[in-house]
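Residue indices begin at 1 and follow the sequence shown.
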Amino acid sequence: MPLDPRTSSGGRIVILRLEQWVAKAADLFNWVAAAAVAGMMVLTCLDIVLRLFRHPIPGTYEMVGFLGAVFAAFSLGYTSVNRGHIAVDFLVQKLSPRPQNWVDGVNALICSIFFGFLARQCLVYAADLKSFGEVSMTLQMPIYPFVYGIAAGCFLLTLVLGVRFVKNAAVAMGR
């Protein structure tokens, strides 16, 4: 029998499944972020060792910067799922659970709108970079794939925050 999302238990199940799907996507993105950090470490260490032999790796600074962008963008969703961001909530903690859910939900909605807008703007910017053929100074690598990556990370964060808003609104309304 299919679940009816209009019913209370069906709605909870839909929210739970959506939350699980978003958490899995965030976990996958986090592995990409971890690979970017590992790449930054390996590249930096190799560059340092090769500098001792007067053969530095050209473009190390650029690649570390690009990998840093990948790391930052792709870890946003995972950090938000696990509530790893800094939050100053000493006033909110004094409220009862229902208003706490409303505050958290409204905050998630505002942040979701902001990061959705940011993801959209990154897509526009990446398309501009691609159409103009912008490349990095030393390696002559295209820049736009990394900006698309930032857009993907922001879009995932938008989904995480959107699901949090829906969940908190449902809890606050007693559903």
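Listed for the Gln100 side chain is a donor-acceptor partner under 3.5 Å among the backbone atoms of Val92. Not one N or O on the side chain of Ser80 forms a donor-acceptor pair closer than 3.5 Å with the backbone of Gly77. In this structure, the side chain of Thr44 does not engage the main chain of Met41 through any donor-acceptor pair within 3.5 Å. For the pair Asn82 (side chain) and Tyr78 (backbone), a donor-acceptor distance under 3.5 Å is present. Between the side chain of Thr138 and the backbone N or O of Gly59 there is no donor-acceptor pair closer than 3.5 Å. A distance-only check finds no donor-acceptor pair linking the side chain of Glu62 to the backbone of Ser136 [under 3.5 Å].
Between Pro56 and Asp47 the shortest side-chain heavy-atom distance falls below 4.5 Å. Two residues are said to be in side-chain contact when any heavy atoms from C-beta on lie closer than 4.5 Å; Leu67 and Phe71 fail this criterion. The side-chain heavy atoms of Met141 and Phe146, taken from C-beta on, include a pair separated by under 4.5 Å. Side-chain contact between Trp102 and Met173 is present, with heavy atoms from C-beta onward closer than 4.5 Å.
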Q. When you look at Arg164 and Ser112, which way does the side chain to side chain contact (heavy atoms under 4.5 Å, CB included) test go after all the steps?
A. CA-CA 9 Å; Arg164 183 174 299 153; Ser112 180; over 6 Å; no
(Q) With salt bridge (charged side-chain N to carboxylate O under 4.0 Å, His left out) as the criterion, how do Lys167 and Asp104 come out once you've worked through the C-alpha distance, each side chain's angles and the decisive distance to 0.1 Å? (A) CA-CA 10 Å; Lys167 185 178 177 185; Asp104 191 39; over 6 Å; no
Q: Would you sort out whether Val70 and Phe66 count as a side chain to side chain contact (heavy atoms under 4.5 Å, CB included), showing the intermediate values?
A: CA-CA 6 Å; Val70 170; Phe66 289 149; 5.8 Å; no
Q: Evaluate the criterion side chain to side chain contact (heavy atoms under 4.5 Å, CB included) for residue pair Asn107 and Cys111; output intermediate values, then yes/no.
A: CA-CA 6 Å; Asn107 181 48; Cys111 291; 3.7 Å; yes
(Q) Applying side chain to side chain contact (heavy atoms under 4.5 Å, CB included) to Leu76 and Leu156, what does each step give before you reach the verdict? (A) CA-CA 8 Å; Leu76 285 172; Leu156 179 63; over 6 Å; no
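Atom SG in Cys154 sits 10.0 Å away from atom CZ in Phe74 (nearest 0.5 Å). Atoms CG and CH2, from Leu16 and Trp21 in turn, are 15.0 Å apart once rounded to the nearest 0.5 Å. The distance from the CG atom of Leu46 to the NE2 atom of His55 is 14.0 Å, given to the nearest 0.5 Å. Between Phe29 atom CZ and Thr79 atom OG1 the span is 13.0 Å, to the nearest 0.5 Å. Taken from CD in Glu19 to CZ in Arg17, the straight-line distance is 13.5 Å, to the nearest 0.5 Å. Annotation: the span from Tyr148 atom OH to Phe155 atom CZ amounts to 15.0 Å, rounded to 0.5 Å.
Among Leu109, Val160, Ile113, the single residue meeting the side chain to side chain contact (heavy atoms under 4.5 Å, CB included) criterion with Phe165 is Leu109.
Taking both residues in full, the closest heavy atoms of Gln140 and Val135 are given as OE1-CG2, 3.2 Å, listed atom of the first, atom of the second, then distance. When all heavy atoms of Leu129 and Tyr144 are compared, the pair lying nearest together is CB-CB, 4.0 Å. Gly116 and Thr158 get closest at one heavy-atom pair: N-OG1, 3.0 Å.
Under the 4.5 Å side-chain heavy-atom criterion for ILVMFWY residues, a single connected hydrophobic cluster contains both Leu118 and Leu161. Ile143 and Met137 fall into different hydrophobic clusters, where Ile, Leu, Val, Met, Phe, Trp and Tyr are joined by side-chain heavy atoms under 4.5 Å apart, directly or via other members. Taking hydrophobic clusters as Ile, Leu, Val, Met, Phe, Trp and Tyr residues chained together by side-chain heavy-atom distances below 4.5 Å, Leu50 shares a cluster with Leu43. Following chains of ILVMFWY side-chain contacts shorter than 4.5 Å, one can reach Leu139 starting from Val147, so the two form part of one hydrophobic cluster. Put simply, Val163 and Val171 are part of two different groups of oily side chains (I, L, V, M, F, W, Y) that touch within less than 4.5 Å, one to the next.
Salt-bridge formation is not detected for the pair Lys94/Asp89: no Lys NZ or Arg NE/NH1/NH2 atom is positioned less than 4.0 Å from an Asp or Glu carboxylate oxygen.
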